[in-house]
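Computed from heavy atoms alone, side chains included, the values below leave out hydrogens, waters and symmetry copies. Just so it is clear: chains get the letters A, B, ... in the order the sequence lines come, proteins before strands, and each one is counted from 1. None of the values given here were measured: they were computed from a predicted structure.
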Amino acid sequence: MSVPAVSRTALPARSAGTPVRVVGLSVTPPRLADVTTTSSATSDDAVLDGPRPRLLLVDGHSLAYRAFFALPAENFSTSTGQVTNAVYGFTSMLINLLRDEAPTHVGVAFDVSKRTFRTEEYPEYKAGRASTPTEFLGQVDLVKEVLAALRIRVVTKEGYEADDVIATLTGAARAQGAEVLVVTGDRDAFQLVDDATTVLYPRKGVSDLARMTPAAVEEKYGVRPERYGDLAALVGESSDNLPGVPGVGPKTAAKWLTAHGDLEGLVAGVGSLTGKAGQSLRDHLDQVLRNKRLNAPVRDLELPVVVDDLAVRPWDREEVHRVFDGLEFRVLRDRLFATLSADEPEVDGGFAVSAERPAGEDAAAWLAAHAAPGGPASGVAVLGRWSGGAGDAWGLALAGADGATAWFDLRELSPEAESALAAWLADESAPKVLHDAKTALHALAERGTPLEGLSADTALAAYLCQPDQRSYDLADLAVRFLQRELRVDEGSSDPGEEQGVLDLDGDASGPDEGQLACVRAAATLELSQVLAQQVEQRGGTALLRDLELPLVPLLAQMEADGIAVDTTALERLEGEFAEVVADAAEEAYAAIGGQKINLGSPKQLQVVLFEQLGMPKTKRTKTGYTTDAEALADLNVRQPHPFLDHLLRHRDASRLRQTVEGLLKSVAADGRIHTTFQQTIAATGRLSSTDPNLQNIPIRTAEGRRIREAFVVGRDAEVLLTADYSQIEMRIMAHLSGDEGLIEAFRSGEDLHRFVGARVFGVEPADVTGEMRAKIKAMSYGLAYGLSAFGLSRQLTIPVDEARGLMDDYFARFGGVRDYLRGVVEEARATGFTETVLGRRRYLPDLTSDNRQRREIAERMALNAPIQGSAADVIKLAMLGVERALRSQDLRSRLLLQVHDELVVDVAPGEREAVEALLREEMGTRVQERTRLSVPLDVSVGVGASWHEAGH
DNA sequence: GGAAGAACGTA
DNA sequence: CGTACGTTCTTCCG
């Protein structure tokens, strides 16, 4: 028996819901005829034994119809007006099936006409159904076009239904030992289920399929699959217009069938049935038998195809492009090629590394031979750590473009090797590729070894490609983009030795340390090449090269500098807040009869509030009722109680105390706080700050602002300066939307919300009241987040109708904004991504989800990402400009922090005026020019001895 | 010891 | 039924 290899057809055992690796469509499937039944055809284990064929049979009409109702038609139409929701949903589901089930054979069955042998016997069969919408009918042919492009056979039989075709093919395939998957929304197919035949039944939408195995059928209906037809005959099937026995439901029917074996046995013993149900069955026996004849699928049709004809064939790529282009399915086409375009290489092998250990003069020789300045980039992996202002580097591995790797233990480096290495690292003309370069820069800096010539950072490149990922672990990237494990290739290591994976944060001691570091360096270098192409494909090359990459050393420097804090002031504050906490806690306990509950426990609070005090229930959370500040304040209005006051005071004070304690803990030996800016976390392109987070230091309340007083000007500086953009997101909105009114608002220099309010309310700007302005402000900002009328009404505590009216009035005056917001979502749905002013993309596949909640979340993300992301582009660009200007003017002032729309600078003595001018110029004019923004960028600057004083 | 949830700080 | 984050605490689980 010769079995053509299907790569990895030995499928892994799968549990429900576990996606299965792709088997390329272009591989040659086994011919069923070649695969004589091995072992027992009904054993699930057979799947693991070899290339057992898997036949996927789809009820085309049924699935497309499902998709038609699951996906909103208004979101799925081509520019010519053709509605495509059913084709889209069907195709999406098909791609998922091909990916997850990896069938070797596929067929799609369609009904051909309304007239079948069933309507001959029973004219009312399937009568009473709502007539099929015309927008659907037109899409059936489109579905067939898609199938043709994918070279999937369509099977029909005049006078019969898709179900009969499926039943016949199932029987034939099973006889040949194949496994069968039937995808249909017709429950009659459950009769086909057996140990190797599974029905995938759409539960809801187009992505949620119930896996109906024998056990699943039995659990749901109480009978084995082969008896399902009997059960349905008794109970009836409303969608087929087959009435059941009155008074008999699935429970009774299952009970009877179990007792009598099957319908035949039940009919034979019908006389012995007791009760009303029994009599009802005797009265409707003919109808039951007719139901049975009609719902039993025909299993022995003469078909124009045999199972072998359904073997998966390589699709017609040109045709796929033509059809998908016509349907404007850009995202889906990409998904198709990404997940199914064959030849996805197996994850195999690691990295063969030479891992030389050049010492002394050999170090210089190695560098000259394998990593010469002016040549191609080398991979660099640094073993080290840095956090909160302190760190160390103890090892360094290099991978030359020629494949050679070398490893240096920085703790025992000879002076010759050390100087050779340091010179190479500092040589800008020796290009270097790192993964997470910022950490490496810090670690090396601890050894007094600057690194220049950073030409790529694989973590950043991966981030630009897939910004929604939360981490960009080198090992994961190696598997995903290189199909390799991050380990020493077997050929070059001791086969008896356990393969370790080096953890950068670990102790990194042990015999393999150097080798594994070399693997990292080699992987980084290889990865950078693959990722460079990926970035290029996404139009992100300039963004990476000119923005994100140059930002790395700047962020490293900001982190290393840190910001000075007045620890004495912080300690004093901690004490004050602690007193308030203790006081508030005492009074809170007293207010509830001296119970000493944990005021920080929502669970215990709920007992007190809703059970003991009998307060009205608040909004639900997953685990109970919310006790958040808003809800508590609301309760306090409806049912005032001193406990609530003390609780809220306690909350505020303990949070402030926590914040202060956290800050105190992170003050480094130099009296400064060194945060870490994360450059690859926020999907929109923003930075984030951790350990500690200096981007969420309180500012709204007077008490909170006292914390800002403890961030002070540094020892060698004269004053602290903050520069922030005013209304940057609204300005971006004005630019992106091109709305004339909004652009004019910014060019006029008038207060934005006053200007907009005047237009919306139809009054003079001077007559815009504070209340009006507040409403406009909330709405303007809300728009950038996808705020609904409901949300706006809730936030402003006004009726929904009023909120809706407000939005309507707004859009009537600023139609460009409405058009933009609508257009940005539609475009993202079509292309699969949103884009910022600098071409930063965010991919949002959920925009075409059939799950409304997911889709709407994605829509709000699509609204916000270009705005928030462009603002992030703007300030990043500004930071680079500011830094460059500081250097070129030989100023000693230092950029310390970035808080999304604000920069904080330690101003060196005598530089205040120069720095302020420079900041205004770079943040404002220069950035506006470079991004070609149609509105000016307004920058406000403040100075003071503390962050609080410098603020505005 | 880690995960999940609730709560809340910033832009 | 408003986006993007990070931190802290409690609670629950193993």
side-chain N/O A:Ser689 vs C:dG6 OP1/OP2, d < 4.0 Å: no

A:Thr690-A:Asn693 side chain donor-acceptor pair, cut-off 3.5 Å: no

Side chain of A:Arg470 - closest among B:dA11, C:dC5, C:dA4: C:dC5

Touch class at under 4.0 angstrom, heavy-atom based, for A:Glu902 against every strand present: nothing

Closest to the A:Ala682 side chain, choosing from C:dC1, B:dA7, C:dC5: C:dC5

Distance-only donor-acceptor test, A:Gln678 side-chain atoms vs C:dG6 base atoms, 3.5 Å: no

N or O in side chain of A:Lys603 less than 4.0 angstrom from C:dT10 OP1/OP2: no

N/O (side chain, A:Arg700) to phosphate O (OP1/OP2, B:dT10) under 4.0 Å: yes

Short side-chain N/O contact from A:Ser654 to OP1 or OP2 of C:dC9, under 4.0 Å: no

Residue A:Thr627, side-chain atoms from C-beta onward, closest of C:dG2, B:dA7, B:dT10: B:dA7

Nucleotide nearest A:His900 when distance is taken to its side chain, options B:dA11, B:dA6, C:dT3: B:dA11

Selected nucleotide, minimal atom distance to A:Val899 side chain, candidates C:dC5, C:dG2, B:dA11: B:dA11

C:dA4 phosphate, OP1 or OP2, under 4.0 Å from A:Arg842 side-chain N/O: yes

A:Thr684 and A:Gln868 side chains, donor-acceptor separation under 3.5 Å: yes

Sugar-phosphate only, base, or nothing, as touched by A:Arg657 at under 4.0 Å among non-hydrogen atoms: nothing

Side-chain N,O (A:Asn696) to OP1/OP2 (C:dC5) below 4.0 Å: no

Donor-acceptor pair (no angle test) under 3.5 Å: A:Arg651 side chain, B:dA7 base: no

A:Ser688 side chain near C:dG6 phosphate (N/O to OP1/OP2, under 4.0 Å): yes

Atom-to-atom span, OH of A:Tyr785 to P of C:dC5 - whole angstrom: 13 Å

Nearest-nucleotide 5' precedence on DNA chain C, A:Glu661 against A:Ala683: A:Ala683

A:Gln658 (side chain) and C:dT8 (base): donor-acceptor pair under 3.5 Å: no

Phosphate OP1/OP2 of C:dT7: any A:Thr659 side-chain N/O under 4.0 Å: no

Parallel, tilted or perpendicular: rings of A:Trp947 and A:Phe711 (30°, 60°): perpendicular

Partner of A:Ile673 under side-chain contact (heavy atoms from CB on, under 4.5 Å), chosen from A:Leu896, A:Leu663, A:Asp691: A:Leu663

Proximal nucleotide (of B:dA7, C:dG6, B:dG5) relative to the A:Ile681 side chain: C:dG6

Polar contact flag, side-chain donor to acceptor under 3.5 angstrom, A:Gln606-A:Glu611: no

Phosphate OP1/OP2 of C:dC5: any A:Gln868 side-chain N/O under 4.0 Å: no

Sugar-phosphate only, base, or nothing, as touched by A:Arg860 at under 4.0 Å among non-hydrogen atoms: sugar-phosphate

Residue-phosphate contact under 4.0 Å: A:Thr626 side-chain N/O, B:dA7 OP1/OP2: yes

A:Gln898 CD - B:dA11 C1' separation (whole Å): 10 Å

Below 4.0 Å: OP1/OP2 of B:dC8 and any side-chain N or O of A:Arg655: no

Donor-acceptor pair under 3.5 Å, A:Asn693 side chain vs C:dG6 base: no

Sugar-phosphate, base or nothing in reach of A:Ile867, heavy atoms under 4.0 Å: nothing

Minimum-distance nucleotide (side-chain atoms of A:Thr690 versus B:dA11, C:dG6, C:dT11): C:dG6

Short side-chain N/O contact from A:Thr621 to OP1 or OP2 of B:dA6, under 4.0 Å: yes

